Each structure stands twice: as C-alpha cells, then as structure tokens.
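Quick notes on the structure that follows.
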Amino acid sequence: MALPKMKLHPQLRSCDQLTIGCSKETERLVADPAPGISALPHDDNLRYFDVIIEGPGGSPFQNGKFKLELFLPEEYPMAPPKVRFLTKIYHPNIDKLGRICLDILKDKWSPALQIRTVLLSVQALLSAPNPDDPLATDVAKHYKENEADAQRVSQEWTQKYAV
Amino acid sequence: MAKVPRNFRLLEELEKGEKGIGDGSCSYGLEDGDDILMSNWNGTIIGPGHTVHENRIYSLKITCGPAYPDARPEVEFISRVNLPFVNQMNGKVDPAKLPVLANWSRALSIEHVLVEIRKEMASFNNRKLPQPPEGSTFF
C-alpha cells in the first residue's frame, strides 16, 4: 500500500528554506571571509551583521577600516540586503547618513548575488567612485571639478574617522 | 519574522517622512542631517480645524534612544500648548497619559505618535481647552 504523500504547510516550508539558506551563507561568510572584509551576525538577530571593510590599496581610503551594518530583510534573497556605512566617508556615492548608491543594492539586485558579493562590490566602489551617479552631490561636484583635491579630502577623512 | 534593527527602521521612517505623510498635517525629519545615529527628530503638527488649535503650527522634539523601536521615543513640545498629557513646566509628553506611548509596540512609529497627538487635540475634552498665546515656546 502506497504511503500518503507528505504535505508541508507552504509557509512553513518557505520559512525553513530561508532559515537554512541564510545560516549556511553566514557560516561560509564567517569561516571563509573575503580579503579585507569581515561580517559577523548579531547573537540576538542573525539577519543583522556588523561589517568591517578595509579601504582598498591605491585608493584614498587605503589603510582605513570602515564600519558598516547589513540587514537581510524578510524578502531576502528575493530582495537585496540593506547596507549602510557607520564610519563617516567622503565619497560621491555615499551620503552623510552612510547610505550607498550602488545598482546591485537597488534595481540590479539578483537572488544569485550574496552578502559576500555585495560587500566586495561596496569595496570596489571605494576604488572606483562614480561622480556621474552621485548621492552626495557636493562631494560629486568636488570630484568632477578637482579630483586630486577631492581625493585629498577623502584621504583626510579616512585618517580622521576610519581608524 | 525578520526583526528590522533600529537603524534600518529609522532610515525607513526618514525616507517616508521625506516623501511626506498623509495630508501633510503632520510631518517630521532629522534635526541634523549628519546625525548618523538618527536620534534627534523634529516634528510639526498643524492644529486640527474647528478646534482652538486651528491654524496653529506646533513644533515638537522626538528622541529615539538606542533601544528604539522596542522602547518608545521621548516626545516634547517646543511650542507651548495646553493638553492634559503635556507637562506645563517643560513641554514633555507624559507617556502614561498618552495611549500611543503608554501602549507602545515596535509596530508603531514617529508618524503614529504625531497623528495620535493631533487626534487628541481634536478630541471632545481637548478641542476647547484655553491655549497659551500663539507662537510662544516652552524655552
């Protein structure tokens, strides 16, 4: 006699998969971090991470240690993680509140991307500021009008705040 | 259920406040756009029509501490106002006397607080209370 097919409550099932997906990704992230990037989940909220990104060599952010926070919303991985700088930074695509203008955090998000990819992209943004798609308009203007002087300010801020 | 951490929650509230809420009779924003911890907020309530508050503009200060939104915000009036839940010495809102603060939950927000205070201004008991001169402040 055939056994009846096991039925899973649909909501329970998607919940389970999400939890497993999240924690596996976290495990890998903690055990095998990308160079110059660390991300640790909070004990009381496994979707909330303390992140440190080292400023890339050859950029005005070199030798800086930048604190960020990252949160995986309920809809993750269908929706992108939320990421914000906590360390003050002089960069045309990062505003005064640390919000980041980066396409993969918005309309270019894909569920195939992961926390690791996101943080690597944020690190890459530090090497390649894009003043044509600014969030901090005053900083972008500075970068367009006098890049050397703007980089000098970025470096000063790095030495002042990102230690 | 994912629990949205304080800072991301306040960023959501900021973005909503920047877009403008409801009919514009309540509004709020950061006191200092540089405040990375987003603790200090300004609120504005336009007094409800057909009450003693009609056409008055009230300024408030809202403080979201480190435990927000699990803990309720602190609310105080900058503009002088006579309401039973506002301390007449310093403008502070007594959370025990305002249901939205007394029964606080993390589902509530700065917007809810302002909207509820405005409703109180229009309530039967408060709509005709004598008021201090328009434009006076607690400090």
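Keep in mind the model is a prediction, meaning the values are calculated, not measured. Every chain is numbered from 1, with letters handed out A, B, ... down the list of sequences.
For A/K67, the NZ atom counts as loosely surrounded, since its 6.0 Å shell holds 12 or fewer non-hydrogen atoms of other residues, nucleotides or ligands. By the neighbour-count criterion of 12 heavy atoms within 6.0 Å, atom CD of B/Q131 is densely surrounded, having more than that number from other residues, nucleotides or ligands. Around atom CG of A/D43, no more than 12 heavy atoms belonging to other residues, nucleotides or ligands sit under 6.0 Å away. Other residues, nucleotides and ligands contribute more than 12 heavy atoms inside 6.0 Å of the NZ atom of A/K106.
Proximity to chain B is absent for every atom of A/L46, based on heavy atoms less than 4.5 angstrom apart.
Under a hydrophobic-cluster definition in which Ile, Leu, Val, Met, Phe, Trp and Tyr are linked whenever side-chain heavy atoms come within less than 4.5 Å, directly or via other members, B/V115 and B/Y68 are assigned to different clusters. A/I37 and A/V118 fall within the same hydrophobic cluster, defined by Ile, Leu, Val, Met, Phe, Trp and Tyr side-chain heavy atoms under 4.5 Å apart, directly or through other members.
Heavy atoms only, all atoms of each residue included: A/G98 and B/I36 are closest at N-CD1, 4.2 Å. Listed here is the closest heavy atom pair of B/A2 and A/P73: CB-C, 4.4 Å. Residues A/K88 and B/D34 come closest through the heavy atom pair NZ-OD2, 4.3 Å. Closest of all the heavy-atom pairs between B/K3 and A/F71 is O-CE1, 3.3 Å.
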Run B/D32 and A/K96 through side-chain contact (heavy atoms from CB on, under 4.5 Å) and show every step you take. CA-CA 10 Å; B/D32 169 9; A/K96 287 180 192 172; over 6 Å; no
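Residue A/L97 forms a side-chain contact (heavy atoms from CB on, under 4.5 Å) with just one option from B/L10, B/L30, B/N7, and that option is B/L30.
Note that CG of A/L70 is 6.5 Å distant from CZ of B/F8, once rounded to the nearest 0.5 Å.
The closest side-chain heavy-atom distance from B/R6 to A/E69 is not below 4.5 Å. Counting heavy atoms from C-beta outward, A/N45 and B/P5 have side chains that approach closer than 4.5 Å.
Among pairs with a residue in residues 107-117 of chain B, those fulfilling salt bridge (Lys or Arg N to Asp or Glu O under 4.0 Å) read B/K16-B/E111, B/E116-B/K119, at least two apart in sequence or across chains.
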